[in-house]
Amino acid sequence: MKLIKHRNFLKSIGYLLVFSCIAVLNFKANAQSNKDKPFPRVVKENGKYTYYVDDKPYLILGGQLWNSSAWPDVLSKEWSQLKELNCNTLEAPVYWENIEPEPGKFNFNEVDSLILGARKNDLRLIILWFGSFKNGSMSYVPTWMKEDIEKYPRMENSGGEPIQVLSVLSEENLNADKNAFVALMKHIKEIDSKDKTVIMMQVENESGSLGTDRDYSAKANEVFDQPVPTKLVSGLGKESGNWDKVFGVEAAEAFNAYHIATYINSIAKAGKEVYPLPMYTNVWTRENYFERPGEYPSGGPTSNMIPVWKVAAPELFTLALDVYHQNIESFKDRCEKYSREDNPLFIAEMGNGDVFARYQFYALADYSAIGVAPYGVDPFHLSPHDKRDKVHLDNKLQYIASNFSLFSKAMPQILKMQENGNLQCAVQEEGLREKLLHFEGYDLLFQFGFPTYKEHNDKTGRVLIGQVAEDEFVVIGFDAKFIFRPTYGSGYNKAEYVSIEDGYYNAEGNWHKVRNWNGDAAYHSTLPPDGSILKIKLQRLKTSKEMTIKPNFEK
Ligand code: DGJ
């Protein structure tokens, strides 16, 4: 009897201990999940930029909505097609005219539905602040500002006429925008500190002045007659003087750029003091125009004004690129200009279709882009009264959806190869059936036009490749045949597959093999239209010279 009592006593102690342990663990887990997620940040290592979200490297696989879509009755039908796009980040506008319908009175209903909707749908958000600037104009400022030109002055053209652009030399304008932006950041802090659904802010949209090369208002003329501020001349390493002397033919544009950049910098700074998310602004590029500022937004962060912006707007971590040019030379030229040592390439807007699906490969491999985002991923001007509960992704975005699906499954590896500087790409172009790449010890030839059973003429061959060890490669892509040879003249004559593994990387970056490619798959070595992620191991042999004829094209 005594023994039984003793046993029961010990049992109860045991249960008590187990329950307390569980309680402590639960408490810890809850405390953990109640903790705010860390702030996203930009990190520069080995000269390469990486964006971090939740303390992990993150590739922005984005999609931007049409301008009038960030309204609950429209957006509620669109979440499903964002899933079909396989993007991880939504870029969506917040409209100043909507959040501040009366001076100092704020409405965040639509902002809330946007943030909560994104969170529910497992998407991160980049909020686009449509404030003083939208496409070189001021269409999103509240009506009470638009209607009071006296209080909220406009830029004036050289004829002294006010235009549809706010003057950035007006304290009233600056304070009004700053006040609204700070209110927005406070609100985001309130509802999103814990989850960090919002990972980045775009401050204004394609700033600059359309219709004039600079502000010619009386106040602006007075400031233009002063010497160029010391901060700017010394930042640029130039001799001091007036605007004409320092900038010559670009004087008016540089004047506008300096003051617009200063204005946006001050808004970003005030917002970050409240809630320090990384912030950037985007550009309406000037290339392909006559070099006449005002025909494109003058004073925006155009390529010739990047140095001025870097001095005047240090709060912005990058000047992001909007690029819609389908011509490959134009695309690369812009990427070159916006991927600088002091400016990580972020393509905040790009076109869609097979062309831009291919161009994403150049952006990631040749310019180490931290992210890419096609514009207008939802149906244009979807009616809030549309009877459908959900809409489906437009066909023109299918190749980008396939890219995003594949990139998501290889993200940690792509980021690692970007950081190590060993990522290359092979991309099909008009008249380009073959692309030869060189690696240490290996030459790698890609052939496009496979598989020939394709029923369309879209150019869809696109591959990312990195050498991850002496005889190992990671190949990520679509519609291309690959053939390895040892480097010509290296003494080796044959490259033989040891294994070709087909699989994916998990979020921690660990490789999961799904199957081996062997037999016909290895013989044809052709990436399929849906894409594959391959880990390839080879060996080099010193056999007699291998002079095999080019592999046969498939029938
Ligand atoms: C660039 C702008 O930034 C977007 O908001 C949108 O207006 C597109 N142009 C339309 O092409």
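Remember, it's 1-based here, ligands and their atoms both numbered in the order they're listed. Please read all numbers here as calculations on a predicted model, not as lab measurements.
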Item to check | Other residues, nucleotides, ligands: >12 heavy atoms within 6.0 Å of E429 CD | outcome: yes

Next on the checklist: Looking at N327, I want to see if its CG is surrounded by more than 12 non-hydrogen atoms of other residues, nucleotides or ligands under 6.0 Å.
Outcome noted: yes

Relative to the heavy atoms of [X], which atoms of ligand 1 are at a distance of less than 4.0 Å?
| X | answer |
| --- | --- |
| E206 | 1 (C), 2 (C), 3 (O) |
| D322 | 3 (O) |
| N205 | 2 (C), 3 (O), 5 (O) |

Item to check | K196 to F39 six-membered ring, cation-pi geometry met (6.0 Å, 45°) | outcome: yes

Next on the checklist: For the residue pair R358 and Y362, would you count it as a cation-pi contact if the rule is NZ or CZ under 6.0 angstrom from the ring centre and within 45 degrees of the ring axis?
Outcome noted: no

Next on the checklist: With respect to Y375, determine whether any N or O atom, backbone or side chain, lies less than 3.5 Å from an N or O atom of ligand 1.
Outcome noted: no

Next on the checklist: Just to confirm my output: which protein heavy-atom neighbour is closest to atom 3 (O) of ligand 1, and how far is it?
Outcome noted: E349 OE2, 2.6 Å

Checklist entry - Is there a donor-acceptor pair under 3.5 Å between the side chain of R334 and the backbone N or O of E287? => result yes

Checklist entry - Considering only heavy atoms, does N135 approach ligand 1 within less than 4.0 Å through its side chain, its backbone, both, or neither? => result side chain

